[in-house]
Amino acid sequence: MKTLIKNGTIITADREYKADVLIEEEKISAIGEKLTCEADCVIDASGKYVMPGGVDQHTHFSALCNVGDRDTAGYETTDAVITGGTTTIVDFAPQDPDVGLLDSIDYRINVRAKGKSCVDFALHAMVTSLMDSIFDEIKYFPEKGISSIKIFMAYNGSRMHTDDGSFFRILEEAGKVGVTVFVHAESGEIISFLRRECVKKGLLAPKYHYVSRPPHTEAEGVHRACYLAGKTGTPLYVVHVTCREALEELRHARARGINVNGETCTHYLTVAKDALDNEDFNEAAKYVCSPALRDREDIDALWDALNEGLLSGISSDHCGIDVAELKQAGRDDFTLIPNGSPGAGDRFHMIWTEGVAKGKISRTKFVELIATSPAKINGIFPKKGTIQVGSDADIVIFDPEYKGVIRLTDNPNGVDYNIYEGKEQIGRVETVLLRGRVAVENAKFVGEYGMGHFVPAEMYAACYRGQHV
Ligand code: URP
Ligand code: ZN
Ligand code: ZN
């Protein structure tokens with residue numbers, strides 16, 4: 001099968017140029033001006049941008065919530081992800097109860113995601129059950145294609161929390177085999193204390209979520225994580241950085257020579273914490289995620305940090321948690337609201353609209369942050385995250401002229417809300433190809449559930465090459 005994409009403007013992380021793209025079976029086989037060859041399918045991309053499919057390195061599908069024992073929405077809801085321009089996710093693989101890291105990964109590939117995923121997926125191992133055996137399992141990650149492991153310094157009292165000793169040991173073991181350590185950096189202890197104080201005073205509304213997780217709790221977590229990583233020499237990746245104080249800690253750690261990188265997420269770049277001040281519980285609970293949403297000055301600082309290269313990716317931290325059901329657990333006490341919001345289907349449009357269309361980042365920077373850097377950080381580049389000969393033909397054809405509004409009904413995400421509902425949308429993902437197969441046409445999913453495959457990652461990924469990925 002040959003597909004030819006003609007007359008478009010290709011955007012990669014390095015440059016923008018007019019050229020045609022030829023796809024043979026699953027791969028890009030030629031790029032050039034006015035390619036003339038027979039093809040089974042010709043797509044006219046005149047007036048459109050041709051970009052690599054997005055790589056979202058932080059998603060939680062079919063994954064344990066931080067409160068209770070329920071799971072987030074499953075892989076059958078990734079049709080919304082590909083419709084929103086993301087062709088690969090790097091999803092978290094929390095341990096199933098009393099099961100090791102590797103068996104949990106196998107179960108995810110062979111059961112949880114099988115026959116359902118509409119996007120390709122790599123996996124981060126994720127510690128949610130501290131058994132002695134997990135430290136020994138890390139040496140087998142290379143043969144499984146798992147190049148990263150995630151730990152949570154927060155969520156004390158839940159299965160997700162990892163103590164500093166175990167974190168330190170994980171850093172040591174990961175460094176021996178080229179695995180990158182991803183960390184949710186917040187001071188679990190201070191947050192637990194502040195939450196207890198709120199509860200004692202009867203301050204139970206959703207907005208006390210951000211009151212009990214002030215920026216210094218995140219900054220302290222980043223500081224400690226960097227210190228521990230520095231002692232072991234293992235590259236550290238700080239997920240969902242949200243505020244000025246945490247950015248300062250990253251800057252200081254780098255100045256001390258510590259190999260640390262970080263990302264932020266769509267919602268921290270586009271929504272401020274006053275979204276939680278809403279008197280309507282349901283409206284406020286949609287925005288309960290950790291770290292908490294911040295001030296507008298933090299939003300500005302995050303855009304600057306992306307341009308400066310201090311942060312190297314934008315992810316969604318997608319969590320499919322219904323408000324009508326799971327979030328109700330915290331109606332009378334914010335500490336019981338499961339954390340997280342959906343967003344993998346909106347990342348591409350929200351960041352283009354707020355970042356590119358509003359002049360905060362360039363188009364090439366957009367591709368770098370949304371696709372190329374995440375692919376490099378996770379050891380799946382250049383198979384994923386770029387448009388070049390030999391890469392998988394994961395391609396977005398994007399109409400920059402479209403103007404509309406984000407609506408859940410236009411791209412249902414399998415959850416009962418969209419935190420970006422009603423926001424302006426400039427530009428639209430029109431066509432998406434996954435490994436050469438058209439999965440989205442006229443902004444609607446036309447692919448097949450289960451078309452997404454597991455992508456094994458290479459070890460010693462980009463963070464091992466220094467501070468700037
Ligand atoms: O609130 C969030 N982010 N929930 C998902 C789990 C995590 O912390 O990444
Ligand atoms: Zn987290
Ligand atoms: Zn997360």
(request) Determine which pairs satisfy salt bridge (Lys or Arg N to Asp or Glu O under 4.0 Å) with at least one residue from residues 300-320, sequence neighbours left out, and list them in order. (result)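 Salt bridge (Lys or Arg N to Asp or Glu O under 4.0 Å) check on residues 300-320 returns Arg251-Glu308.
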(request) Sorted by first residue and then second, give each salt bridge (Lys or Arg N to Asp or Glu O under 4.0 Å) pair with at least one member in residues 89-105; sequence neighbours left out. (result)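 The answer is Asp91-Arg108, Asp96-Arg112.
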We want to know whether [X] and [Y] form a side-chain donor-acceptor pair, criterion being a heavy-atom distance below 3.5 angstrom.
X	Y	result
Glu218	His216	no
Asp333	Tyr208	no
Asn156	Ser192	no
Asn413	Asn418	no

(request) Could you tell me which residues satisfy side-chain contact (heavy atoms from CB on, under 4.5 Å) with Asp322, sequence neighbours excluded, listed by chain and number? (result)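 side-chain contact (heavy atoms from CB on, under 4.5 Å) list for Asp322, sorted by chain: Glu325, Val415, Asp416.
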(message) Using the side-chain contact (heavy atoms from CB on, under 4.5 Å) criterion, which residues pair with Tyr140? Sequence neighbours excluded.
(response)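 So Tyr140 forms a side-chain contact (heavy atoms from CB on, under 4.5 Å) with Leu102, Glu143.
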(request) Look at the rings of His318 and Phe61 and say which category their plane angle falls in: under 30° parallel, 30 to 60° tilted, over 60° perpendicular. (result)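 Ring orientation, 0 to 90° scale: parallel.
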(request) Could you label the plane-to-plane angle of the Tyr155 and Phe152 rings as parallel, tilted or perpendicular, counting under 30° as parallel and over 60° as perpendicular? (result)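 Rings of Tyr155 and Phe152: tilted, as their planes differ by 30° to 60°.
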(request) State plainly whether the residues Lys207 and Asp277 are in salt-bridge range, i.e. N to O under 4.0 Å. (result)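 No.
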[atom1] of [X]: more than 12 outside heavy atoms within 6.0 angstrom?
X	atom1	value
Lys231	NZ	no
Glu458	CD	no
Glu189	CD	no
Asp132	CG	no

(request) Begin with the C-alpha distance, continue with both residues' side-chain angles, and end with the deciding distance and a verdict on side-chain contact (heavy atoms from CB on, under 4.5 Å) for Thr266 and Met350. (result) CA-CA 7 Å; Thr266 319; Met350 282 299 296; 3.5 Å; yes
Taking only distance into account, with no hydrogens and no angle test, what donor-acceptor pairs under 3.5 Å do side-chain atoms of residues 82-90 form with protein atoms, sequence neighbours excluded?
residue : atom : partner : partner atom : Å
Thr83   : OG1  : Asp79   : O            : 2.6
Thr86   : OG1  : Arg347  : NH2          : 3.0

(message) Given the ring of Phe366, does Arg363 sit roughly above its face, with NZ or CZ under 6.0 Å from the centre of the six-membered ring and within 45° of the axis?
(response)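 Because its charged atom misses either the 6.0 Å distance or the 45° angle limit, Arg363 does not stack over Phe366.
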(request) Using the six-membered ring of Phe92, assess whether NZ or CZ of Lys150 lies under 6.0 Å from its centre and within 45 degrees of the ring axis. (result)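 Because its charged atom sits under 6.0 Å from the ring centre and within 45° of the axis, Lys150 does stack over Phe92.
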(request) State the OG-CG distance between Ser290 and Asn66, to the nearest 0.5 angstrom. (result)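 These two atoms lie 6.5 Å from each other.
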(message) With rounding to the nearest 0.5 angstrom, report the NE2 to CD1 distance, His124 to Ile146.
(response)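 Rounded to the nearest 0.5 Å, the NE2-CD1 separation comes out at 9.5 Å.
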(message) Please enumerate all residues that pass salt bridge (charged side-chain N to carboxylate O under 4.0 Å, His left out) together with Lys360, with sequence neighbours excluded.
(response)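 Scan of Lys360 (salt bridge (charged side-chain N to carboxylate O under 4.0 Å, His left out), adjacent residues dropped) gives none.
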